[in-house]
Enquirer: 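For reference, the structure I am asking about is given below.
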Amino acid sequence: MALAAVAVSSIPALPARAADPAKVLHLMFPVAETGFDPARVSDNYSATVDEAIFDRLYTYDYLARPAKIVPMTAESMPEISDHGRIYVIHLKHGITFTPDPAFGGKPRELTAEDYVYTFERFADPANHSPWAFLVQDRFVGLDGEIAAARKSGKFDYDAKIPGIRAVDRYTLRFELKRPDYLLLYTLAHTSFGAVAREVVEKYGSDIEAHPVGTGPYMLAQWRRAAKIVLEANPHYRKEVWNFQPSGEAWDTAVIAAMKGKTIPQIGKVEISIIEESQSAWLAFQRGELDLLAVPATFRAQALDAESRLLPQWTAKGVALYRMVLPSITYVALDFRDSLLGGFSKEKIALRRAIIMGYDIPDDIRVLRKGQAVQAQMPIPQGVVGYDPAWRNVNQYDPELANELLDYFGYRKGSDGYRTLPDGRPLTLRMATGTSAIDRESDELWKRSMDAIGLRIVFEQGKFSDQLKAARACQLMMWGQAWSADYPDGDDFMQLLYGPNTGQSNNACYQSKSFDAMYEKSRELPPDSAQRERLYLDMTRQAEVDGAWSLEVSPISNVMVRPWVLGYKRHPILNASFVYMDVLPKH
């Protein structure tokens, strides 16, 4: 079958007029980036930068809701045959990488071989890609090359892989081991932007500091954990903003401001790393930031009881864009931890008591200032597979949590804290950060665990170090978040799939029952009632096993300065500035 959709008119052989360097957008990240090698990046903030630098075969329509996939460097939607096993894709001609010494001073055109190489990098064991699961056990011939690389210690990038090959300079052919209804989401995944082999080979282990793509922006400056500056790519092909309204009232002003303009319009994007919410709020007040997701701790200074902007902000022309994000927050409970892990009844009871003991209502009321909804299942709102009627069996219930711990022999000592059934000390260890919101979260966790007699201590560290430790199954408890990379429940269920341990499964959860259901779900189309039933069964299995302390889906309240044009929060894409404009000299 063949699909067809176009959202941006494109004339790839012609460079667009360079974006105005006087147009500068000031943004912030609340967490430091980890680097800009797409194959190795899994955090949203680094991925946001990569999204603007590297072009995928497909992307998402900026305005369409629900999210809709459209061509990016592909000429059209793929030609799909053999019941979903064969995908043939034709590239646009004349797309070039940004100039780099790796190309020897010559223009370098994007070709089908670049995408072959890009996909192979995710499979290369040496890269330890968090997205390796998206290519493993999927493409004909690829797993054999992965196995050979594990033996030899080197991936053969010159090997001909039947499942991922360039038919000619502008034609890609993917051959899958079985019908695959989700491949299109992978082709649009923001980490799968084309990378040039010459660049990777030139910079080697320092590739994360040298992102070179064909996208609308280039990395101009990077001070680690402090500041990132992007500049518009002057060689970017001509693309014209031509998105259609989704039916939301917000779209009217966006279209009026942007329709017919070339992409990108903003000449420079300056991103500051501001971990403390108070500092971010003060920076926005001073006009140093042009957009700000309202920190929960400053909700009262921005919004009224009905979550509308206060008059003092509307008088300044500030607008508010509000949505429940397709994301979840949760605490992963390490199944390989000697104290917390395993499937014995007493360990399951301990984990479920921890989950039932955590005060979710106070999390929403105190930490989030009401700007979140309780997450009832791993799949959030706005994502295929979400069931609004579903209710988690592990609801907040400290009385039941205490009874559960008593029943399984976790006795309280004279200090009020419980021991293990065999009498040994019981201390929970939670990895945490150093920001004010981290400290507030720690306090709530301590109050919650004190109420059920569990001692908990907090171990501060950097996100990048904690992520590495989590992938090695070395963090007993760690709070994290996951936002939709593609609008399908598979993106969230894979977080609990056993073989993804060491990649995206940071709970190191390995349930044979869950894994069998997940593998079956991958064979079913997204609109299948059977797949939806499997997702519910998988959800219940993870709940009963106590895999996560599932918390909330945040509500995003983004304050937008009047000189910012065209902003709309996308459920999947993060680099909205690609499709925006800003008035110069504001």
Side-chain angles (χ1 to χ4, degrees), residues 1-16 51 54-97 109-119 134-135 138-139 163-176 179-195 213-216 236-246 259-260 262-264 485-488 525-527 570 572-573 575 578-579:
M1 59 181 170
L3 306 174
V6 176
V8 180
S9 0
S10 179
I11 311 171
L14 301 176
E51 184 183 315
F54 297 97
D55 280 333
R56 289 81 64 203
L57 289 161
Y58 297 94
T59 187
Y60 290 87
D61 184 293
Y62 183 53
L63 296 184
R65 304 292 186 272
K68 174 185 175 184
I69 293 179
V70 295
M72 194 169 199
T73 60
E75 281 189 339
S76 61
M77 300 302 282
E79 299 163 7
I80 306 174
S81 60
D82 194 13
H83 306 287
R85 285 189 62 252
I86 306 296
Y87 284 65
V88 175
I89 299 164
H90 303 283
L91 296 185
K92 296 170 184 174
H93 296 208
I95 296 174
T96 58
F97 285 92
E109 187 180 19
L110 173 70
T111 70
E113 287 287 357
D114 292 315
Y115 281 107
V116 172
Y117 176 72
T118 295
F119 270 70
L134 289 175
V135 298
R138 201 169 192 183
F139 299 97
I164 309 174
R165 65 186 181 92
V167 177
D168 57 40
R169 187 173 179 83
Y170 303 108
T171 306
L172 272 165
R173 183 180 186 275
F174 294 103
E175 182 178 350
L176 299 151
D180 191 330
Y181 298 95
L182 299 174
L183 180 63
L184 199 54
Y185 289 133
T186 299
L187 303 182
H189 193 289
T190 56
S191 290
F192 283 76
V195 175
T214 63
Y236 192 60
R237 59 193 179 277
K238 184 176 182 181
E239 290 198 343
V240 178
W241 204 105
N242 191 31
F243 298 100
Q244 302 305 309
S246 67
K259 190 170 184 178
T262 54
I263 299 172
D485 300 290
Y486 47 97
D488 189 272
D527 58 356
H570 195 276
I572 306 298
L573 302 176
V578 168
Y579 306 102

Enquirer: I need the minimum non-hydrogen distance between Arg65 and Ser246, along with the two atoms involved.
Expert: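 Scanning both residues completely, I find the closest heavy atoms to be N-CB, 3.9 Å.
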Enquirer: Compare every heavy atom of Pro487 with every heavy atom of Tyr185, then report the nearest pair and how far apart it is.
Expert: CE2-CD, 3.6 Å
Enquirer: Ignoring hydrogens and geometry beyond distance, is a side-chain donor-acceptor pair present between His93 and Glu109 at under 3.5 Å?
Expert: no
Enquirer: Could you check whether Tyr115 and Phe192 have their ring centres less than 6.0 Å apart?
Expert: no
Enquirer: Looking at Ala112 and Leu172, what are the two nearest heavy atoms and their distance?
Expert: O-CD2, 3.5 Å
Enquirer: Is it true that the side chains of Tyr62 and Gln244 contain a donor and an acceptor less than 3.5 Å apart?
Expert: no
Enquirer: Pick from Met72, Glu51, His189: which one makes a side chain to side chain contact (heavy atoms under 4.5 Å, CB included) with Thr59?
Expert: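 For Thr59, the side chain to side chain contact (heavy atoms under 4.5 Å, CB included) test succeeds with only one of Met72, Glu51, His189, which is Met72.
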Enquirer: Can you tell me if Arg138 and Thr186 form a side-chain donor-acceptor pair at under 3.5 Å?
Expert: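 Result is yes, a qualifying pair exists.
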Enquirer: Could you check whether any side-chain N or O of Thr171 sits under 3.5 Å from a backbone N or O of Val167, counting only pairs where one atom can act as donor and the other as acceptor?
Expert: no
Enquirer: Mind listing the closest non-hydrogen atom pair of Leu91 and Thr111 along with its distance?
Expert: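 Taking Leu91 first and Thr111 second, the nearest heavy atoms are CD1-C, 3.5 Å.
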Enquirer: Looking at every non-hydrogen atom in both residues, tell me the closest pair between Leu176 and Asp180 and how far apart they are.
Expert: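 So the two residues come closest at CD1-CB, 3.6 Å.
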Enquirer: Can you tell me how the ring of Phe174 sits relative to the ring of Phe139, calling it parallel under 30°, perpendicular over 60° and tilted otherwise?
Expert: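 Correct class here is tilted.
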Enquirer: Could you tell me whether a side-chain N or O of Arg165 sits under 3.5 Å from a main-chain N or O of Gly163, the two making a donor and an acceptor?
Expert: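 Checking the backbone N and O of Gly163 against the side chain of Arg165, no donor-acceptor pair under 3.5 Å is found.
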Enquirer: With no hydrogens and no angle check, is any side-chain donor or acceptor of Glu75 less than 3.5 Å from a backbone partner on His90?
Expert: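 Such a contact is absent between Glu75 side chain and His90 backbone.
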Enquirer: What I want to check is whether the side chains of Thr214 and Asp55 have a donor and an acceptor closer together than 3.5 Å.
Expert: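 A donor-acceptor contact under 3.5 Å links the two side chains.
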